[in-house]
Amino acid sequence: MSDLIHYRLEDGLALIGLAHPPVNALGQPLRAAIIDACERAAADERVEAIILYGEHGMFSAGADITEFGTEASFAEPDLPSTLVRLTQIHKPLVAAIGKLALGGGMELALACGYRIGEPSTRVGLSEINLGLLPGAGGTQRLPRLIGAESALNLILSGQQIDAERARMLGILDRIATAAEQLLDEARAYANELIDYGAPARPTEAWPEPAEDLPGDFLARYRTEHEPRWKSRLAPRLVLSALEAACLLPLEEGLARELALFKQAEASRQSKALRHVFFAEREAGRIPGIGADIALRKVDKVAVIGAGTMGGGIAMNFANAGIPVALLELKGEALDNGLMQIRKNYEISVKRGKMTAEQLEQRMDLLFGTLDYNDLADADLVIEAVFEQMEIKQQVFRTLEKVCKPGAILATNTSSLDVDAIAATVSRPQDVIGLHFFSPANVMRLLEVVRGKATAPDVLATTMKIAKHIGKLPVLSGVCFGFIGNRMLEPYSREAHRLVLEGATPAQVDGVLTGLDLNMGIFSMLDLAGIDVSFLIRDSNRAAIAHDETYCRLGEELYALGRYGQKTGRGFYLYEGRNCKEDDEVVVLAERLADELEVPRRSIDDQEIHDRCMFMLINEGIQLLDEGIALRASDIDLVWINGYGFPAHLGGPMHYAEQLGLDKVLAGIEHYRHVLGEYGQMWFQPAQLLERLVAAGNTRIEII
Ligand code: NAI
């Protein structure tokens with residue numbers, strides 16, 4: 001018997017323990033071992049029931065993702081046929097689900113006739129997150145167990161549900177009293193089944209999964225949800241699979257599911273989402289910093305400035321149970337900040353995401369102060385005061401005096417030079433940038449900015465604590481705008497310029513949302529505030545001084561006090577939640593074009609796509625070459641999680657690889673020639689892009 005399985009016989013029970021740590025990924029060798037063990041138990045006359053469990057506590061987190069898209073994915077025995085074989089065994093099979101049964105792991109549990117979990121068990125079909133659908137019976141067996149509607153919701157959400165919910169839905173038959181009792185109670189359950197002469201599989205709870213639903217349920221579901229799916233393929237394939245579950249006998253449904261799975265697996269979208277999955281795991285690895293590095297302890301945090309960002313940042317730590325001191329200059333600002341935090345939590349309570357008791361517990365972790373001396377015992381201090389160098393430097397000078405040695409001193413600056421801030425203290429090795437995104441309590445992305453002097457253990461500690469508070473930390477070097485905002489600049493510049501040349505803001509935004517970005521650039525600028533982008537641009541004036549057309553439309557809107565949503569006017573007009581195009585903006589663009597002698601013409605969507613995207617991509621490649629980003633996949637994560645770039649395109653770098661690096665370069669060169677002086681100025685291909693294309697590389701990496 002293989003090392004991947006522990007097999008033992010105990011009083012009429014065969015206990016089959018999956019022993020492929022860390023997560024019992026169901027790769028080919030484990031699948032083969034499961035079949036062997038189950039066949040052996042089926043053939044052994046002494047065995048009356050079989051228990052399948054995770055030897056190290058966890059049942060199974062699913063398929064081996066590295067097999068997807070390769071031949072190994074369907075190497076014999078493949079998962080679908082393995083599971084069909086399990087359902088044919090004529091003895092009761094009990095899945096004892098410790099910790100997790102996800103994806104293929106949950107399909108394995110569904111192929112067993114009976115399921116018992118423990119209090120911390122979570123189950124889910126997470127394939128949709130990888131642009132896939134459950135391909136080993138999940139879309140067929142789950143609806144027969146819990147009905148079509150619940151199954152559809154679970155599969156489309158890709159979310160994990162807890163043991164209690166799984167029991168209520170009918171996925172778990174029982175929940176053991178404690179994780180340590182799981183195997184004992186699974187034995188007792190199996191013995192009861194034997195005593196009652198229970199069948200190998202109970203009759204299906206929902207032999208007709210859609211029987212209590214209106215005839216047009218699936219069609220209506222599609223109409224209602226399709227706008228949210230945008231161009232994503234996987235949700236549509238899930239729906240087709242569910243349709244098969246409702247209309248076809250199981251065997252035919254399984255065949256249909258497999259065909260749909262293969263279609264999803266071969267799709268570009270799934271490839272992109274798998275890229276994102278691995279990118280997230282890779283992002284935590286920093287060359288030169290090993291797992292053995294001693295971390296600094298972070299038991300107490302302080303946040304300076306209780307404004308928009310400071311409040312949100314403080315909430316992250318309170319949510320993770322870490323006490324936070326929140327410091328402001330004046331009592332009124334502090335009270336407002338704390339009140340805003342309470343309001344945010346109250347919304348969560350109203351939505352049922354938190355109890356009133358939890359609200360109070362979190363508020364208790366927040367300690368407001370006006371006195372810097374209260375920061376003396378903080379292990380990590382995050383500054384989130386006004387975006388002005390002198391103010392921030394003054395704050396750091398004070399921190400130097402009051403903070404204990406070894407305290408990590410972080411700045412949330414979005415555009416200032418972290419090294420210049422670090423230079424104000426005698427311990428620059430303790431200084432780091434932690435660039436949270438707004439709203440800071442919601443957005444997952446955190447750019448961790450390594451300064452020239454930042455100590456390795458400070459970096460490693462902040463990466464760790466970031467994960468602890470549920471963020472996705474991505475490392476950036478110091479430069480204007482770090483990774484995300486620096487790329488935003490040429491992308492935004494190009495959008496502005498296109499409007500001068502004859503496009504409208506709505507046309508530009510339409511092309512971008514047509515690509516499935518969450519928001520077009522002009523809607524985004526209106527939301528963030530045209531005043532904010534003006535001030536950031538203003539601080540970088542030297543770099544753009546040679547182009548008087550640079551974001552001129554934005555400058556004029558700023559001068560007119562049209563700051564975007566907050567003033568009801570920006571690139572668009574706002575009435576309540578409604579947003580409308582504004583002819584005045586077009587007239588303004590015409591006037592500016594005339595003044596600046598920019599010829600106007602009608603501009604097609606392809607040109608908008610190419611100019612905005614190629615400039616975004618080019619800047620990303622340049623950042624990689626400069627060493628600001630460690631790897632192309634880090635850049636993808638920043639844009640997916642901070643700027644609404646669609647994950648199913650894999651991020652701008654992956655998208656560029658899909659478009660073809662040679663095509664991107666040719667496009668940049670094309671506009672360099674056709675856009676006159678402007679093209680010569682801005683359409684400069686990144687040298688790394690030129691090197692990659694010359695070398696015939698199709699992937700973006702440093703060469
Ligand atoms: P804000 O104006 O809402 O809050 C700043 C707060 O700091 C105010 O409550 C102010 O009273 C307080 N403050 C000012 N000087 C202080 C001092 N010396 N000591 C203590 N408190 C002081 O500003 P916001 O938007 O929260 O921005 C804060 C920082 O976060 C800035 O550096 C900004 O660039 C950065 N940031 C902002 C983002 C955003 O979307 N708003 C996104 C990412 C970073």
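In each ligand, atom 1 is the first atom listed, and ligand 1 is the first ligand listed.
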Who's the nearest protein heavy-atom neighbour of atom 5 (C) of ligand 1, and how far?
Ala384 O, 3.6 Å

Does Lys330 come within less than 4.0 angstrom of ligand 1, counting non-hydrogen atoms of the residue?
no

Any luck finding a side-chain donor-acceptor pair between Asn485 and Tyr643 under 3.5 Å?
yes

Purely on distance, is any nitrogen or oxygen of Glu383 under 3.5 Å from one on ligand 1?
no

From Leu592 CG over to Arg552 CZ, what is the distance, rounded to the nearest 0.5 angstrom?
5.5 Å

Hey, does Met309 come in under 3.5 Å of ligand 1, counting only N/O atoms on both sides?
yes

Please say whether the positively charged group of Arg274, taken as NZ for Lys or CZ for Arg, lies over the ring of Phe278, i.e. under 6.0 angstrom from the six-membered ring centre and within 45 degrees of the axis.
no

Any atoms of ligand 1 less than 4.0 Å from a non-hydrogen atom of Ile304? List them with their elements.
19 (N), 20 (C)

Taking only non-hydrogen atoms of Ser438 and a 4.0 Å limit, the atoms of ligand 1 in range are 39 (C), 40 (O)

Closest by any non-hydrogen atom to atom 18 (N) of ligand 1: pick that one out of Leu434, Ile382, Val395, Asn336.
Val395

Taking only heavy atoms of His435 into account, list the atoms of ligand 1 that are under 4.0 Å away from them.
43 (C), 44 (C)

Heavy-atom proximity to atom 36 (N) of ligand 1 ranks first, among Leu535, Asn412, Leu527, for Asn412

Residue of the set Phe571, Tyr550, Phe534, Trp682 for which ring-ring contact (aromatic ring centres under 6.0 Å, His included) holds with His496
Phe571

Any luck finding a side-chain donor-acceptor pair between Glu360 and Tyr345 under 3.5 Å?
no

Polar contact flag for Thr413 and ligand 1 (N/O pairs, less than 3.5 Å)
no

What is the nearest protein non-hydrogen atom to atom 11 (O) of ligand 1, stated with its residue, atom name and distance?
Glu328 OE1, 2.8 Å

To the nearest 0.5 Å, atom CZ of Arg631 lies from atom CG of Leu475 at 8.5 Å

When you compare ligand 1 with Glu387, is there at least one nitrogen or oxygen pair between them that comes in under 3.5 angstrom?
yes

Could you list the donor-acceptor pairs under 3.5 angstrom formed between side-chain atoms of residues 435-446 and any protein atom two or more places apart in sequence or on another chain?
from   : atom 1 : to     : atom 2 : distance (Å)
His435 : ND1    : Glu447 : OE1    : 2.8
Arg444 : NH1    : Glu280 : OE2    : 3.2
Arg444 : NH2    : Glu280 : OE1    : 2.9

Value for CG (Asp457) from CD1 (Ile289), rounded to nearest 0.5 Å, stands at 8.5 Å

